[in-house]
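First the structure, in the form of structure tokens, and then the observations on it.
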Amino acid sequence: KTKCSVLYLSRLHLDDLSLDHLTDSKRQQIQQLHLTYNRLSFLPPSVCFLFNLEYLDISNNALTVIPDDIMRLTNLKTFVAKNNLLDESSFPKEFERMQVETLNLSGNRFEDIPMQFLKMTTLQSLSLGGNRLKNIPAEIENLTSLEMLYLGGNLISSIPPEVANLISLRYLVLCDNRIQSIPPQLNKLHSLLSLSLHNNLLTFLPREILSLVHLQELSLRGNPLVVRFIKDMTYDPPSLMELAGRTIKSQNLPFSSCDLPSNLIHYLNLASECPNPKCAGVYFDSCVRHIKFVDFCGKYRLPLMHYLCSPQCSSPCSSNPQSDAESEEENSVPADRLQRVLLG
């Protein structure tokens with residue numbers, strides 16, 4: 001039936017589809033097509049002649065391939081094909097030319113994100129949850145229009161720092177994976193509203209996450225970080241060059257290109273300030289990784305990773321993971337910084 005340019009053909013046990021009975025004018029009116037919960041093992045050729053189609057949902061079928069003819073649908077904005085048998089070899093090589101804005105292929109058999117998808121600069125929403133993805137390629141940064149990235153329920157073990165270049169990203173869903181750490185570069189995602197990380201292998205968060213000022217929801221339940229944190233960190237003594245650099249920076253000694261070669265000036269400009277408020281020191285390459293418990297919402301204490309200039313800056317290990325030095329900055333975190341922290 002056609003109604004308001006929408007054609008509903010779901011749950012009809014279809015294994016093929018012919019639209020020969022429709023006049024050309026009626027075909028041109030169809031903007032949405034729903035073919036969910038049928039028995040389709042291929043995309044019916046007649047679908048690719050609906051030239052004004054903007055929305056196509058062919059979820060819950062048995063599709064293994066998307067034919068080249070889909071390229072005829074030049075007005076297609078939303079393509080949904082959840083719960084089929086698709087993988088990275090199922091799509092045309094030229095699929096990157098499609099001006100699709102929403103692509104939902106959750107519940108298929110993808111082991112890699114197809115390179116065609118990673119060139120679709122019009123994509124605003126990409127969903128590949130419930131597949132077999134093992135990694136996120138660095139080329140994800142090419143999706144400059146992306147606002148929602150859903151990769152939950154895969155086999156992903158790490159997040160590339162290039163994800164931080166998705167400056168329009170508002171929703172990042174990485175739950176139910178095997179992620180062990182979060183790159184501190186994610187603090188560049190200034191538009192991020194929701195970060196879903198539940199059911200991973202996280203033992204800490206980078207302290208840079210505090211700068212995600214617009215974050216409204218952080219989901220962390222089912223991670224080891226709520227019950228376990230790192231107590232024993234290795235520390236490599238600083239080199240003579242680092243000791244000299246620390247002295248120059250901490251004493252504010254003036255220097256110029258007349259005094260030092262360019263490589264040493266570059267080195268001195270890489271100094272990081274020790275975050276311990278009781279220390280005015282700096283570090284370059286040699287630092288102590290340390291876990292700091294921070295109160296986000298007056299109720300939940302989260303272990304955040306930060307880096308100190310020396311072991312003397314960290315408090316002695318005790319049965320109480322929170323000490324005076326560790327809690328120094330807690331009150332500076334606004335209670336409304338994260339409106340919802342989901343741990344349970």
Side-chain angles (χ1 to χ4, degrees), residues 58-66 79-91 95-96 100 102-120 123-143 146-166 169-186 189 192 194-206 209 217-230 302-303 305 342-344:
I58 194 165
S59 300
N60 298 91
N61 280 281
L63 297 178
T64 58
V65 65
I66 302 299
F79 182 47
V80 185
K82 299 182 294 183
N83 303 324
N84 279 282
L85 305 174
L86 301 169
D87 60 30
E88 52 272 22
S89 64
S90 299
F91 282 76
F95 192 75
E96 64 196 61
V100 172
T102 298
L103 185 59
N104 190 335
L105 299 168
S106 293
N108 279 280
R109 297 182 173 182
F110 291 91
E111 294 185 5
D112 296 295
I113 300 178
M115 291 305 296
Q116 302 99 303
F117 297 178
L118 299 170
K119 298 177 182 178
M120 300 177 71
L123 267 186
Q124 297 177 14
S125 175
L126 175 61
S127 299
L128 283 165
N131 278 280
R132 303 169 183 177
L133 301 178
K134 295 182 178 65
N135 59 69
I136 305 173
E139 291 83 357
I140 196 77
E141 67 181 357
N142 298 330
L143 304 182
L146 208 62
E147 297 182 7
M148 199 273 280
L149 179 59
Y150 192 108
L151 298 176
N154 280 285
L155 305 172
I156 298 168
S157 58
S158 63
I159 306 171
E162 287 80 5
V163 170
N165 295 328
L166 300 174
L169 202 63
R170 293 160 62 86
Y171 303 94
L172 178 56
V173 181
L174 296 167
C175 58
D176 299 289
N177 277 286
R178 300 174 179 178
I179 298 168
Q180 299 183 45
S181 64
I182 304 299
Q185 291 89 342
L186 291 194
L189 295 175
L192 201 63
S194 178
L195 178 57
S196 295
L197 295 167
H198 52 272
N199 298 330
N200 275 285
L201 302 175
L202 297 170
T203 55
F204 64 87
L205 298 174
I209 204 170
E217 180 176 283
L218 173 62
S219 179
L220 293 167
R221 65 184 181 274
N223 278 285
L225 61 75
V226 298
V227 293
R228 188 176 80 234
F229 57 95
I230 304 170
L302 303 181
M305 178 71 80
L342 307 177
L343 293 178

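These numbers come from the heavy atoms of this one structure, side chains and all, not from hydrogens, waters or symmetry mates.
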Exercise. Would you find a donor on one side and an acceptor on the other, under 3.5 Å apart, between the side chain of Glu88 and the backbone of Glu111?
Worked result: yes

Exercise. Is the backbone of Asn200 close enough, under 3.5 Å, to the side chain of Asn177 for a donor and an acceptor to pair up by distance?
Worked result: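 Between the backbone of Asn200 and the side chain of Asn177 there is no qualifying donor-acceptor contact (under 3.5 Å).
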
Does the side chain of [X] reach to within under 4.5 Å of the side chain of [Y], using non-hydrogen atoms?
X	Y	answer
Asn83	Ser59	no
Asp87	Asp112	no
Leu174	Ile136	yes
Asp176	His198	yes
Ser127	Met148	yes
Thr203	Gln180	no
Phe204	Ile182	no
Leu220	Leu205	yes

Out of curiosity, [X] [atom1] to [Y] [atom2], how far, rounded to the nearest 0.5 Å?
X	Y	atom1	atom2	value
Phe110	Leu105	CZ	CG	4.5 Å
Leu192	Glu217	CG	CD	10.5 Å
Glu147	Thr102	CD	OG1	9.0 Å
Leu128	Leu133	CG	CG	5.5 Å
Thr64	Asn108	OG1	CG	10.5 Å
Ile179	Ile159	CD1	CD1	4.0 Å

Exercise: identify the closest heavy-atom pair between [X] and [Y]:
X	Y	result
Leu166	Leu149	CD1-CD2, 4.4 Å
Pro137	Pro160	O-CG, 4.3 Å
Arg109	Asn131	N-OD1, 3.0 Å
Asn223	Asn199	ND2-N, 3.8 Å
Ala164	Leu189	O-CD2, 3.6 Å
Leu202	Ser181	CD2-N, 3.5 Å

For this session: Would you mind telling me which of Met115, Lys119, Met120 makes a side-chain contact (heavy atoms from CB on, under 4.5 Å) with Phe117?
Result: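 For Phe117, the side-chain contact (heavy atoms from CB on, under 4.5 Å) test succeeds with only one of Met115, Lys119, Met120, which is Met120.
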
Problem set entry | Mutual orientation of the aromatic rings belonging to Phe95 and Phe79 [parallel < 30°, tilted 30-60°, perpendicular > 60°] |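 Tilted: the ring planes of Phe95 and Phe79 meet at 30° to 60°.
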
